[in-house]
Protein chains: 2
Amino acid sequence: MSKNVTVRDHIVDKKIVDVAKLAGVSAATVSRVLNESSLVSEKTKIKVLKAIEEMDYHPNAAAKHLRSQRTMTLGIIVPDINVSYFSEIIKGIENKAYAHKYKVLICDSDNQIEKEMEYLDLLPDRTVDGMILVTPRVSDDTIQEYVKKGYVIGVVGRAVVHEDILSCKTDNVKFSNEAVRHLVEQGHQQIAYIGGYSDSLENYERMEGYMKALKEGKIPFLPSLIDNGDFEETGGYQAFCRLLERNQSFTAVYAANDEMALGVYRACRERGIRIPEDMAVVGVDNNRITEYLLPALSTVEQPKYEMGSQLTEKLIAQMSGNEQNMQKKHVIESTLIIRESSSYKRD
Amino acid sequence: MSKNVTVRDHIVDKKIVDVAKLAGVSAATVSRVLNESSLVSEKTKIKVLKAIEEMDYHPNAAAKHLRSQRTMTLGIIVPDINVSYFSEIIKGIENKAYAHKYKVLICDSDNQIEKEMEYLDLLPDRTVDGMILVTPRVSDDTIQEYVKKGYVIGVVGRAVVHEDILSCKTDNVKFSNEAVRHLVEQGHQQIAYIGGYSDSLENYERMEGYMKALKEGKIPFLPSLIDNGDFEETGGYQAFCRLLERNQSFTAVYAANDEMALGVYRACRERGIRIPEDMAVVGVDNNRITEYLLPALSTVEQPKYEMGSQLTEKLIAQMSGNEQNMQKKHVIESTLIIRESSSYKRD
DNA sequence: ATGAAAGCGCTAACAC
DNA sequence: GTGTTAGCGCTTTCAT
């Protein structure tokens, strides 16, 4: 008693029976009013509503959750909420969830797979009804394993090889092809590629688009023009420096995201390499920062908000049992935005 | 039956009694092991742990919450998760919460006070044990009202006039004074101020710091050099344009946040006004973007992560009943960062 | 050290 | 249309 005193102890919550007594009905009737069941007469409904109002009654969520076996809560696992790519996706998820009366639990993993695995336990815990992964770290097999057990999982910004797992992403091959083709059209013959995590499906696909564009431009593929970062500024910086050190000249870089392109900018500034005159740069994501850079960064718009929103719509539909012939692997359009960093034509 | 079929129906969750049976003990004993009660013999403890492992048992969160009257969940209300000022604070909150085994529910209000009031109901709902407000919209009186009822609320980036309400912020008067004094020292005699919401306490304080610096520099205060935005880029742009139209010349602007300073940049670029030669600019927040601007923006660092983290620490302490003479209104240091946008000395 | 039993606040099946 | 009752899965006296 004396040890577990918390602030909460001051509050005496009203219960449904208290409302029932005040309204002169049974708890069941109050519950019916609360849940908008039609089998209540207008007269008692008004009585009950008045009592609820009067007492400032709020139904206890935990009791509801226990009884109904659902929490109306979605979890989101992200590597870093502070990266705008992720926060825009989260915003899309949150807004759609709100529209369907779902709450959103945010799980920032700080880029640690251990934390992500831990957060995944919120599913068997029944803390959340479903989980959205916006991380490349949790493996396809792990996801598949949870889904096979019956848990609801959706994925944003990537796909999962197994069938029947909800995902929403863009077409990596297509937009990478477009981005690199644009560089080729600007007259570049040696184009470097800075990828993200080297072993991810997304990376293979972006590489594929890159190679396809080279082929179309009849440009030989040089493995020495390929390096990988980790999707962060520093990783991009380091990868670009390694590329320079190889003494394989190049006049353009395609970076797998804007953060890494930022690293390229820094390296160029340090070495007096002019963008776009000496080095053209194209990124991916269309982070807000890209517009403010000098020169403004050419990039591939990723409809982040839309990806989050659309996946959430489908996830909620699935949880409601409306999954008749629903497309599980959703691919959304992305478009190349040409700005100053690649607008210098070579001959 | 046929209407309410959801994916969840496939899953048959294990209950504590199932584990009890397998281990050959009672449910109470399993519960004791789970809650690390000391009154269990080592031998049975091992038996139980083995059974839990074997069944892959996960305690049901809702049942726990109902029984224990706490959800180990914190809510955060923010106007826009996609603004880095907020997402950094959220990150600080999340990390601290995680360290104390709390979960975090994110409530993005899209800048709407109605949504914020709605989210506040998660407190009487008992969906969350406490709520953190990172928004200027919910009034001091409303906050006070909830706290008086016994609900746990903390505030970040502002303070509440009433006593005994947890808050963590920086010293607006002090850093504004420092920022403007810096401009005075650079030789500026006409310095404009673009505030945030004109009627907020924070705005008064920043204005106070501004006026104090003018006084110290023996510079007359001109009301026509004051305007207000809404803390967003567009608001800053518009306020700056209005200032220009007044035909009251000025050579420097102090903007109440970096977003609005960004609007100043845009307006200057459109009109061929050079920063810092024709116009010095200082912002507030030290958003990441400020480093990448050309010229790099001088700004006041707000320890956003720290503010979120420290407030959360106190909030959790309070919920645990450890509030013996705890300082409720916490003020944290902020420092002026001088970059290129204000580094041009006038004579 | 362990078990039996009550109860957290709600909803839904069944009875009237 | 409304009330009675059982039970969701857990923790915590109380008894042994």
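Just so it is clear: chains get the letters A, B, ... in the order the sequence lines come, proteins before strands, and each one is counted from 1. The shown structure was predicted, so the numbers you read here are calculated from the model rather than taken from an experiment.
- Spacing between atom CZ of B:Arg70 and atom P of D:dC10 amounts to 18 Å, rounded to whole angstrom units.
- Among C:dA1, D:dC10, D:dG9, the nucleotide with an atom closest to any side-chain atom of A:Leu66 is D:dG9.
- Taking atom CG of A:Leu34 as the reference point, atom P of C:dA12 lies 12 Å away to the nearest angstrom.
- Computed from coordinates, the A:Asn35 CG to C:dG9 P distance equals 18 Å when rounded to whole Å.
- At a non-hydrogen distance threshold of 4.0 Å, A:Tyr57, A:Pro59, A:Asn60, A:Ala63, A:Lys64 from residues 47-65 of chain A come into contact with DNA chain C.
- Between the side chains of A:Thr142 and A:Ser139, at least one donor-acceptor pair of N or O atoms lies under 3.5 Å.
- Across the protein-nucleic acid pair, B:Leu39 atom CG and D:dT16 atom P stand 18 Å apart, rounded to whole Å.
- Annotation: B:Lys50, atom NZ; neighbour count of heavy atoms from other residues, nucleotides and ligands within 6.0 Å does not exceed 12.
- Atom NZ of A:Lys328 sits in a crowded spot, with more than 12 heavy atoms from other residues, nucleotides or ligands closer than 6.0 Å.
- Atoms CD1 (B:Ile16) and C1' (D:dT12) sit 12 Å apart, rounded to a whole Å.
- Taking 4.0 angstrom as the limit, B:Gln69 places none of its side-chain polar atoms (N or O) nearer than this to OP1 or OP2 of D:dT11.
- Residues A:Tyr146 and A:Val152 form no side-chain contact, since every pair of their non-hydrogen atoms from C-beta on lies 4.5 Å or further apart.
- Among the nucleotides C:dG9, D:dT2, D:dC8, the one closest to any side-chain atom of A:Ser41 is D:dT2.
- Remark: A:Lys149 fails to qualify as a cation-pi partner of A:Tyr151 under the 6.0 Å distance and 45° angle criteria applied to the six-membered ring.
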What's touching nucleotides 3-6 of chain D from the protein side, N or O pairs under 3.5 Å?
residue, atom, partner, partner atom, Å
D:dG3, OP2, A:Ser26, N, 2.8
D:dG3, OP2, A:Ser26, OG, 3.0
D:dG3, OP2, A:Thr29, OG1, 2.6
D:dG3, N7, A:Arg32, NH1, 3.4
D:dG3, O6, A:Arg32, NH2, 2.4

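- Following rounding to the nearest Å, A:Lys15 (NZ) and C:dC10 (P) show an atom-to-atom distance of 9 Å.
- To the nearest 0.5 angstrom, A:Ser68 atom OG is 8.0 Å from A:Asp129 atom CG.
- Figure legend: A:Lys115 and B:Tyr98 shown as a cation-pi pair, the cationic atom lying under 6.0 angstrom from the six-membered ring centre and within 45 degrees of its axis.
- In this model, the phosphate group of C:dT2 is approached by a side-chain N or O of B:Thr44 to a distance below 4.0 Å at OP1 or OP2.
- Following rounding to the nearest Å, B:Met72 (CE) and D:dT11 (P) show an atom-to-atom distance of 13 Å.
- A side-chain contact (heavy atoms from CB on, under 4.5 Å) with B:Leu133 is found for exactly one of B:Ile77, B:Ile76, B:Val160, namely B:Ile77.
- No option in A:Val30, A:Asn60, A:Ile52 other than A:Val30 meets the side-chain contact (heavy atoms from CB on, under 4.5 Å) test with A:Ile16.
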